[in-house]
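These figures come from a predicted structure and were not determined experimentally. Chain letters run A, B, ... following the sequence lines, proteins first, then strands; residues in each count from 1.
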Number of protein chains: 2
Amino acid sequence: MAATQRRGPVVPPTLADVAELAGVSRQTVSNALNNPALLRTDTLERVQEAVAELGYQPNRAARNLRTRASHLVGMRFAPAQEGTANALMERFVHSLVEECRAAGYHVLLFAADHDDITSGYDELVRSTAVDAFVVTDTYLGNPQAAWLEQNRVPFVAFGRPWDDPDAGHPWADVDGAAGVAMATRHVIGRGHTRVAWVGWRKDSRIGEDRRSGWSATMRERGLPTTGLAARVEDTIASGKEAAAMLLDEAHPSAFVCASDTLAMGVLHTLHDRGLVPGRDVAVVGFDDSQAAQVVPGGLTSVRQPLEEVAVEVVAALQGMLARPRLVHPPRLLTPSLVVRGSAP
Amino acid sequence: MAATQRRGPVVPPTLADVAELAGVSRQTVSNALNNPALLRTDTLERVQEAVAELGYQPNRAARNLRTRASHLVGMRFAPAQEGTANALMERFVHSLVEECRAAGYHVLLFAADHDDITSGYDELVRSTAVDAFVVTDTYLGNPQAAWLEQNRVPFVAFGRPWDDPDAGHPWADVDGAAGVAMATRHVIGRGHTRVAWVGWRKDSRIGEDRRSGWSATMRERGLPTTGLAARVEDTIASGKEAAAMLLDEAHPSAFVCASDTLAMGVLHTLHDRGLVPGRDVAVVGFDDSQAAQVVPGGLTSVRQPLEEVAVEVVAALQGMLARPRLVHPPRLLTPSLVVRGSAP
DNA sequence: CACCCCCTCTTGATCGTTCCAACCGCGTGT
DNA sequence: ACACGCGGTTGGAACGATCAAGAGGGGGTG
């Protein structure tokens, strides 16, 4: 036996091998694995021993073919943009992988053409390579969400369906407005009254949502907002320029930003002007990126509970695949504030 | 027909459906896809039309079962450590996904128990869920590489087999010593003569390799190294302490570091002491992390050519799966230096 | 004209698993 | 004593693709 395995790839045992060793039929072995309650305890034990002895694992391809399920979840993996501080995905994907494992799923990554967003999805659906998708970039006006829904492809979104509040698919998201409100209250609590907002352009729904957390809190506390907001591209340079402009024209003592990238831009301006973050001017970012964690002095930032998002997403996936009719209720999760030197 | 598809999931067409529509047998359709040269051109066209009309894609599970190949590549996905600036994986994984797509493969992510490293691999191998693995964390004394080799599981490593120079598996790696040498020459070229090294503990093979790039270059230029090196944990705090110690005792005017995390630690000390990076003291990191890119002033850093690594890894995978006997020759790739404010 | 061969296409079997319906032994109710 | 239900088991048929081998027809050759 050892001699036959010395050369060439090891050929894994099959259900039939286990059945023969245990002295039962294939179906009994199958039941032992998928429906153990049907077996007498002594038979079950005998089968389990045989399974353990051979190191048997059911062949995925055969099982997939028969059950019409792959136990794979597809996810399009877009790279983090260089030169920004947005690195959510690594954290999220890891949590997702962990959660999926607990649920008996694996994560399949794929890339799509940049011009044809649906290409990757389409191919995987038609070849029945995955059971469902996790869609993460719903902020792009999500053409793929609409496409998936139209084609009755199961998927769960990380991100709200902004354009269609009662879309038929399950989703989980983080309450950006609540996070920014938390950040704003934090700096107000430290005595700041002129709190500026550096956010994204108006066409970003997420950006407007986050901004509302700032403006609502300011209004609530009776503080001014006019002239204290900037809406720019999500780059270091834009954040830097916006901060310079705001400092000159509106004299804020604190900045709340839509992203860590913008916040890092603000830090650049303070750095250039010899202002000390946290002492002269408070700065809060959003995402708790690695840059926020390691920048000298530290950047206070709103941290998304990506682990919880992953839990919700996988729960929704399981529900959706088990009972396709039932729609999992959406979940909106609350982020937390990580306080560091830039806004102590 | 439309009525039958209105409710419930759409059932994809099979080979038989295409065959019927094209008026040929199943096998002919199969040949049209896998071996088109065997068909007469007019038949081929007829089949291709039918394929296009039905939107046919071969069922993965069935194909996998029959061909005993899944066209999936497994990769263990470990999360980036919080509080450090090491975020290589996201970039590498994306490149890998792109390359795999070109080669007709997909990437399957999985997580393993922290105590039993081989658990995830074992399960996937025995269930024939993946054709091969990409192993990335070979620096941990790689128990999984040894295990995989022993069990004749195909895999390609990103990282050299440090402990076993002529290991039987293909690999690609980045020449860390060359990268550090490049960094060291850069600061020497700018007039620095007392160049310090902040690296990892001695038990790290990668760390010692990178260190050799510094020490060899210094020796080559006839510059002193004694008292100018520190070997510490890969954390911000350790880098910060090491920099303080070195500044007090050896008075270096430049720091070359084994990682961006350590380099950020050095920046912390400079920041505390009112020293300006790039003007008073030069600092070079390793990895070109997001933190290096966005920190005020910018951190000069050695950038790993992860895209090229991915190309090599996938090429090795293809060769290995096509001709298991032949061993793909290892490749050692040269990194580049990204110059920013900390060492202009 | 018969023979052979090559090119093209078809038929039957197979991969390893799960689903289906039938089967068997056994105890129970009538 | 016979039918019946029930827990436990059995062989056979699917799932959808590929592999192996064979069938049919046209053209070249002796």
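Atom CD in B:E20 sits about 13 Å away from atom P in C:dT10, given to the nearest Å. The distance between atom CG of B:N31 and atom P of D:dA20, rounded to the nearest whole Å, is 12 Å. Summarising the geometry, the separation between CG on B:L33 and C1' on D:dT18 is reported as 12 Å, rounded to the nearest angstrom. Here the C1' atom of nucleotide C:dC15 and the CZ atom of A:R60 are 17 Å apart, to the nearest Å. Atom-to-atom, CZ of B:R68 to P of C:dT14 comes out at 14 Å; the value is rounded to the nearest Å. B:L38 places its CG atom 15 Å from the P atom of C:dC6, with the value rounded to the nearest Å. Atom CZ in B:R40 sits about 12 Å away from atom C1' in D:dG24, given to the nearest Å. Between the CG atom of B:L15 and the P atom of D:dC15 there is a distance of 14 Å, rounded to whole Å.
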- Message: side chain to side chain contact (heavy atoms under 4.5 Å, CB included), that's the test. Do A:V314 and A:Y105 meet it? Break it down for me.
- Response: CA-CA 9 Å; A:V314 173; A:Y105 281 83; over 6 Å; no

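Residue B:T67 is classed as a sugar-phosphate contact, given heavy-atom separations below 4.0 Å to backbone atoms only. At a threshold of 4.0 angstrom between heavy atoms, the contacts of A:S25 include nucleobase atoms, whether or not backbone atoms are also involved. Across all strands, A:N34 comes closer than 4.0 Å only to sugar-phosphate atoms, never to a base (heavy-atom distances).
Minimum atom distance to the side chain of A:L39 is reached by D:dT9, of the listed C:dT17, D:dC15, D:dT9. Counting only heavy atoms from C-beta on, B:L65 has its side chain closest to C:dG16 among C:dC9, C:dG16, D:dA17. In the set D:dG16, C:dT17, D:dA17, C:dT17 carries the atom at the smallest distance from any side-chain atom of A:R26. You'll find that the side chain of A:R66 is closest to C:dT17, out of D:dT10, C:dT17, D:dA17.
Although no hydrogens or angles enter the test, the distance criterion places a donor-acceptor pair under 3.5 Å between the side chain of A:R91 and the main chain of A:Q304.
Ring orientation note: the planes of B:F133 and B:F110 are nearly perpendicular, at an angle over 60° on the 30°/60° scale.
A:N64 and A:S70 form no side-chain donor-acceptor contact under 3.5 Å, judged by distance and modelled atom types alone. A donor-acceptor pair shorter than 3.5 Å can be found between the side chains of B:N34 and B:R63.
Salt-bridge check for B:D122 with B:R126: passed, with a basic side-chain N closer than 4.0 Å to an acidic carboxylate O.
Listed pair B:R63 / D:dT18 meets the phosphate criterion, a side-chain N or O lying under 4.0 Å from OP1 or OP2. Between A:T14 and C:dG16 there is no side-chain polar atom (N or O) within less than 4.0 angstrom of OP1 or OP2. The shortest distance between the side-chain N/O atoms of A:S30 and the OP1/OP2 oxygens of C:dT17 is not below 4.0 Å. For D:dA17, one of the phosphate oxygens OP1 or OP2 lies less than 4.0 angstrom from a side-chain nitrogen or oxygen of B:Y56.
Heavy-atom distances to DNA chain C give each of A:P58 and B:Q27 a nearest nucleotide, and the one nearer the 5′ end belongs to B:Q27. Each of B:T43 and B:A62 lies near DNA chain C, and the nucleotide nearest B:T43 is the one positioned closer to the 5' end.
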